[in-house]
2 protein chains.
Amino acid sequence: MTQSNAASTHGAATGSDSEIRLAVSTVIFALRRAKHPSKKWEIVMPVVRRTRDPHEGKWALPGGWLRASEGLAAAATRTLAETTGLHPAYVEQLYAFGAVERSTTRVVSVVYWALLRADAVRERAELENVEWFAVDGLWGLAFDHDEIVQYALWRLQNKLDYSGIAQGFLPELFTLSDLREVHEAVLNKPLDPANFRRQVESTDEIVSTNEFRKGSHRPARLYRTNIEKGLANHGPLQPESH
Amino acid sequence: MTQSNAASTHGAATGSDSEIRLAVSTVIFALRRAKHPSKKWEIVMPVVRRTRDPHEGKWALPGGWLRASEGLAAAATRTLAETTGLHPAYVEQLYAFGAVERSTTRVVSVVYWALLRADAVRERAELENVEWFAVDGLWGLAFDHDEIVQYALWRLQNKLDYSGIAQGFLPELFTLSDLREVHEAVLNKPLDPANFRRQVESTDEIVSTNEFRKGSHRPARLYRTNIEKGLANHGPLQPESH
DNA sequence: GCAAAAGTGTTAGGGCTACACCCATGC
DNA sequence: GCATGGGTGTAGCCCTAACACTTTTGC
């Protein structure tokens with residue numbers, strides 16, 4: 001697109017400078033039971049250890065180079081699967097980072113952020129060079145990845161309010177308490193169960209089933225996500241194919 | 001970043017495929033007085049005529065190729081100035097478009113969207129191959145630019161609610177009626193002057209001056225944008241340097 | 001004075017918050 | 001029965017929309 005625009009005065013019409021390389025990375029969020037009993041869940045994410053310079057030995061976001069034959073979102077899911085073996089439930093583009101000084105060589109990174117279902121986390125294989133950390137005290141990542149993770153977390157927290165994005169953490173069937181606990185974990189504050197129930201029921205983001213989860217107390221009704229709506233509204237933008 | 005990640009199984013560690021080129025384009029919105037008296041203002045944007053294939057003769061978003069020595073936002077403002085001579089008041093990254101089939105050659109476009117002050121529009125030179133169109137009935141642009149424009153418009157409309165972004169259309173000093181008319185033009189619906197006044201006054205996005213605009217009626221107090229806040233909140237992300 | 005825009009006041013309704021209260025289960 | 005989470009009811013508060021009303025100018 002817009003390659004070699006007519007009115008461009010300089011316009012390197014032969015193409016972009018060949019030294020610029022295009023990477024695709026992904027910030028993947030998942031939940032795991034918190035050790036500390038003050039909160040039930042904490043947000044964790046997998047990072048990959050770098051085995052060469054620059055930033056050898058440091059932890060970095062999973063990712064890789066974009067191939068000419070694949071779209072951006074496809075590259076994100078592919079490189080994520082290759083480096084971590086994970087298949088997220090929700091993927092969305094976060095931002096394109098392209099400051100000159102962010103690496104020793106010139107790299108533009110299109111970063112995606114993703115959510116992992118609780119059941120997908122359990123299935124993950126323990127891979128060499130992949131480690132899971134709580135997002136809370138996560139610093140010292142390679143390149144500008146610290147900043148990227150904070151921005152992704154901010155987007156996640158904002159998106160909770162006006163979308164059903166929290167369901168991306170949950171399996172197909174879930175209770176309203178499950179959903180509320182996800183919100184509480186992401187927002188880092190307790191929510192009133194009664195009001196939370198009414199708020200999500202007033203939207204059409206979930207549909208009730210006639211199944212119940214029996215446990216140690218009164219059985220809770222199970223819900224599933226409303227496939228009509230999807231987890232988030234992206235406006236007129238077509239969803240990218242993975 | 002994330003170049004040649006350790007755990008990558010394939011990992012073209014030498015770099016991305018050289019056939020992929022990286023373009024930067026900008027959707028610039030401005031206001032001009034509407035011909036039809038039903039509305040006072042209409043949203044317009046400049047497009048550039050293509051003089052070579054693909055899509056020769058069609059209108060396209062202003063843009064160009066990213067250079068190795070400049071950041072993404074800097075490339076956006078540079079190519080915008082080169083193709084249209086314009087210098088926007090507000091610039092924000094919109095999205096990175098990278099579907100394989102969006103052009104005959106493989107091009108990834110990082111698209112920005114921008115707002116032009118009313119006074120900057122007046123100063124614009126009439127350039128060869130640059131034309132201004134109302135966004136309303138704007139179709140038939142080159143590549144996937146139709147879709148991109150619609151998405152940018154959607155972002156602009158959404159952002160009006162929770163930010164002072166509308167001030168990006170206005171000169172340094174403006175009345176509350178000016179600001180309201182911008183909102184009305186973007187949202188395409190009339191707003192109650194009384195309620196609008198209270199809403200924007202309750203935020204700290206504008207600061208009142210002691211100057212007034214004298215005209216055909218009661219003088220209106222002039223306001224300016226609150227530089228402390230900026231026009232929009234981008235969370236933990238550093239503003240890109242242009 | 002009159003028209004028209006600037007600016008203030010007021011009221012009804014909806015949504016949100018806090019919290020009291022009942023329901024159904026395991027033990 | 002009792003503890004615990006599931007689920008409903010409700011009153012106060014704030015924000016908003018609608019619209020009546022006053023103020024200040026040009027002509």
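A note on names: the letters A, B, ... follow the listed sequences, proteins ahead of strands, and every chain is numbered from 1.
In this structure, the side-chain contact (heavy atoms from CB on, under 4.5 Å) partners of B:E211, at least two apart in sequence or on a different chain, are B:L173, B:T209, B:L222, B:R224. With sequence neighbours excluded, no residue satisfies salt bridge (Lys or Arg N to Asp or Glu O under 4.0 Å) with A:K214. Taking A:D204 as the reference, A:K229 meet the salt bridge (Lys or Arg N to Asp or Glu O under 4.0 Å) condition, with sequence neighbours excluded. A search for side-chain contact (heavy atoms from CB on, under 4.5 Å) contacts involving A:A73 returns A:Y112, A:E240, A:H242, not counting sequence neighbours. Scanning for salt bridge (Lys or Arg N to Asp or Glu O under 4.0 Å) contacts around B:E201 gives B:R197, with sequence neighbours left out. Scanning for side-chain contact (heavy atoms from CB on, under 4.5 Å) contacts around B:A74 gives B:E70, with sequence neighbours left out.
The aromatic rings of A:H234 and A:Y90 lie parallel to each other, their planes meeting at an angle below 30°, with 60° marking the opposite boundary. Taking the six-membered ring for Trp and thresholds of 30 and 60 degrees, B:Y151 and B:F97 have ring planes more than 60 degrees apart, a perpendicular arrangement.
A:R221 places its CZ atom 7 Å from the P atom of D:dG7, with the value rounded to the nearest Å. The separation between A:F196 atom CZ and D:dG6 atom P is 12 Å, rounded to whole Å.
Of the listed residues (B:F29, B:W139, B:W59), just one forms a ring pair (Phe, Tyr, Trp, His ring centres under 6.0 Å) with B:F133, and that residue is B:W59.
Where A:Y223 and B:K214 each meet DNA chain D at their nearest nucleotide, the meeting point lying more 5' is that of A:Y223. Each of B:P193 and B:H217 was assigned the nucleotide of DNA chain C with the nearest heavy atom; the assignment lying further toward the 5' end belongs to B:H217. Residues B:F212 and A:S216 each lie close to DNA chain C; by heavy-atom proximity, the contact nearer the 5' end of the strand is made by B:F212.
Listed in residue order, the members of residues 172-185 of chain B having a heavy atom less than 4.0 Å from DNA chain D come to none. Against DNA chain D, the stretch residues 155-166 of chain B makes no heavy-atom approach under 4.0 Å.
In this structure a side-chain-to-backbone donor-acceptor pair under 3.5 Å is missing from A:H145 to A:A60. Between the side chain of B:D146 and the backbone N or O of B:L141, at least one donor-acceptor pair lies under 3.5 Å.
Residues B:R33 and B:K40 meet the side-chain proximity criterion, which asks for heavy atoms closer than 4.5 Å.
Evaluation of the ring-ring contact (aromatic ring centres under 6.0 Å, His included) test over residues 194-232 of chain A, restricted to residues two or more places apart or in two chains, returns A:H183-A:F196.
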Name the pairs: protein N/O against N/O of nucleotides 20-23 of chain D, kept only if under 3.5 Å.
{"unit_1": "D:dT23", "atom_1": "O2", "unit_2": "B:R218", "atom_2": "NH1", "d": "2.7"}

Expected rows: protein N/O vs nucleotides 12-17 of chain D N/O, under 3.5 Å:
{"unit_1": "D:dA17", "atom_1": "OP2", "unit_2": "B:Q199", "atom_2": "NE2", "d": "2.9"}
{"unit_1": "D:dA17", "atom_1": "N7", "unit_2": "B:N195", "atom_2": "OD1", "d": "3.4"}
{"unit_1": "D:dA17", "atom_1": "N7", "unit_2": "B:N195", "atom_2": "ND2", "d": "3.4"}

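For DNA chain C, the outermost nucleotides in 5' to 3' order that have an atom under 4.0 Å from a heavy atom of chain A are C:dT17 to C:dG26.
Ring centroids of A:W41 and A:F169 are separated by 6.0 Å or more, keeping the two rings apart.
Side-chain contact of A:R198 with A:N195: a donor-acceptor pair under 3.5 Å is present, judged by distance alone.
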